[in-house]
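Only one structure is covered here, and it is reproduced in the block below.
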Amino acid sequence: MAILLKGGTIVSASGRRQLDLRMEAEIIQEIGSDLAANPGDQVIDVQGQFLLPGFIDAHTHFELNNGVTDTADNFTTSSRGAIVGGTTSIIDFATPERGGTLRDCLAEWHQMAERKTSCDYSYHMSLIEWNQQIASEVPLMIEEGISSFKMYMAYDNLRTSDGAIFEAMLAIRKEHGMLGIHCENGDMVNELIKKLVGEGHVSTHYHPLSRPDSVEAEAVERYLMMADLAGLPVNIVHLSTQRSLESVKRARDRGQKVFVETCPHYLVLDDQLYDGPGFEGGKYVCSPPLRSKADQAYLWDNVISGEIDTISTDHCSFNFKGQKELGLLDFSKIPNGLPGVETRPILMYSYGVATGRITLEKMVALLSEKIARQFGMFPQKGILQVGSQADIVVWNPQGKGVISAKTQEQAVDYTPFEGMETVGSPRQVYLRGQLVAENGKVILGNQGRFIHRGTSDWTC
Ligand SMILES: [Zn+2]
């Protein structure tokens, strides 16, 4: 049975038009003015609503163990949060054990996600070491639909040497893959934590001081110099400061292709939250940390000007009670990460579009189309056109609300955005033509499917 959405305004990264849309068998079959209903069509009146391509979050950690504790959410609960918020696809991170193979790691992540996930999903493959075995598996990953890779310059259990990064870059370039790196100088982070904790500076106030902007910017600069040597277009995940973006601009000026991702928490929260009463600051411990208001303003300017390509969340949820509290007496023991997959679209609409900072077209580019292009999913995803998968958010611009842990779908016991007022809301969310969420409630769960991705569009 086909579904006919009548009277809505279809928005893409390049414009908007009031058109009807018919979907059937997972695909958008027809778009046009005044489409007539066929016998048996389910007709939905969407006048006054925007039809947006399902949002894609290219940076989630739905289910992981950080070496000490497991995330509060998993593929089931995080993905339910995703769809009620309008996110129909995510790219998570598959991370092997040291000494393990990429093939086994991929199988393990499939096991975790299959039949438990309510949005479509893929993974970036983490390269936490580099050897003959791993190198030989890079082409295999591309064949398996995993066309992007992740490396770390911080976190002792995940990071590699610069030499390993360089060799991986050459291998990824050969396969036309995409590399993203967590850019922080791990040695400097360790030194600063040792110094601060050694001096008795253990409260959350010191978390951002242990990871200052120079620690990030130095790693970004080094990464981009290595990418220049390797001739590889690269992605920077969760870029958070002016100094890092200045480094990106220098690289672009010398002709390098660099993709930049930032996250909503760097745009709507700031480092004063680490000085909240009691242990409240623990709720906001993530890396890189929340930054100054000046950094925040600079990031917004560059979202507007287009220097920032995409917005994803780095969703990684740990409960405040019992988990964040592991660092009650030492900020460096607080599990890093913030929940965010559920709230990214509504935050970007409320604080980006509704405030007049960005257009809705720009929001579609940042949260959907550019991500689909960058990560080999376009035009199956990222755009509403005939032949594309029918991942559609019916967005009500009149919606009003307040973000609260009490009403969220995800399982974690708090939200870093508690009490923030919102404008606009996802009224209906369709995943490949099926209604999966409506007015903040899951209608049909566990329909998510693995996305077999093609290679990146390096030019987008
Ligand atoms: Zn991350």
Side-chain angles (χ1 to χ4, degrees), residues 55-75 78-79 81-82 87 89-96 105 109 112-113 119 121-128 146 148-160 165 178-186 189 207-208 211 215-216 219-220 223 234-241 244 259-267 269 283-291 299 308-318 323-324 334-344 367 371 374-375 410 412 416:
F55 298 114
I56 305 168
D57 192 333
H59 193 152
T60 67
H61 305 273
F62 271 6
E63 186 166 344
L64 65 70
N65 181 293
N66 71 351
V68 178
T69 187
D70 293 312
T71 45
D73 281 286
N74 52 33
F75 272 93
S78 289
S79 65
T87 293
S89 301
I90 59 107
I91 313 179
D92 211 84
F93 293 87
T95 306
C105 173
W109 251 259
M112 261 196 276
C119 56
Y121 57 91
S122 181
Y123 335 102
H124 309 281
M125 180 53 68
S126 304
L127 305 173
I128 65 164
I146 304 293
S148 54
F149 300 86
K150 170 80 177 287
M151 297 183 87
Y152 293 83
M153 293 168 115
Y155 296 125
D156 292 345
N157 57 333
L158 299 171
R159 66 181 164 134
T160 64
I165 290 173
M178 178 60 55
L179 176 64
I181 289 199
H182 177 118
C183 294
E184 286 185 301
N185 182 319
V189 170
H207 171 63
R211 314 180 92 102
V215 161
E216 181 184 305
V220 166
Y223 175 35
V234 288
N235 186 33
I236 299 175
V237 299
H238 53 47
L239 181 138
S240 68
T241 85
S244 298
F259 295 89
V260 174
E261 167 199 282
T262 192
C263 313
H265 49 271
Y266 300 119
L267 295 168
L269 304 176
K283 290 179 177 171
Y284 307 98
V285 168
C286 57
S287 295
L290 302 180
R291 300 296 189 185
L299 291 182
I308 291 173
D309 300 281
T310 61
I311 295 176
S312 288
T313 62
D314 201 6
H315 172 88
C316 185
S317 65
F318 294 102
Q323 293 196 296
K324 290 287 190 185
I334 300 172
N336 271 230
L338 306 182
V341 73
E342 190 165 333
T343 44
R344 177 185 61 139
L367 273 64
I371 296 174
Q374 186 183 347
F375 293 106
Q410 55 202 5
V412 62

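No experiment lies behind these values; they were computed from the predicted model shown. Counting convention: from 1, in listed order, for ligands and their atoms alike.
- Side-chain contact, His61 with Thr71: no donor N or O sits under 3.5 Å from an acceptor N or O.
- Of all N/O/S atoms in Asp314, OD1 sits nearest the Zn ion (ligand 1).
- In this structure, His124 has its ring center under 6.0 Å from that of Phe375.
- Inspection of the Ser240 and Glu216 side chains reveals an N or O donor paired with an N or O acceptor under 3.5 Å.
- Residue His61 approaches the Zn ion (ligand 1) most closely through its N/O/S atom NE2.
- The Zn ion (ligand 1) has no N, O or S atom of His238 closer than 2.8 Å.
- Asp309 places a side-chain N or O within 3.5 Å of a backbone atom of Val260 that can act as its donor or acceptor partner.
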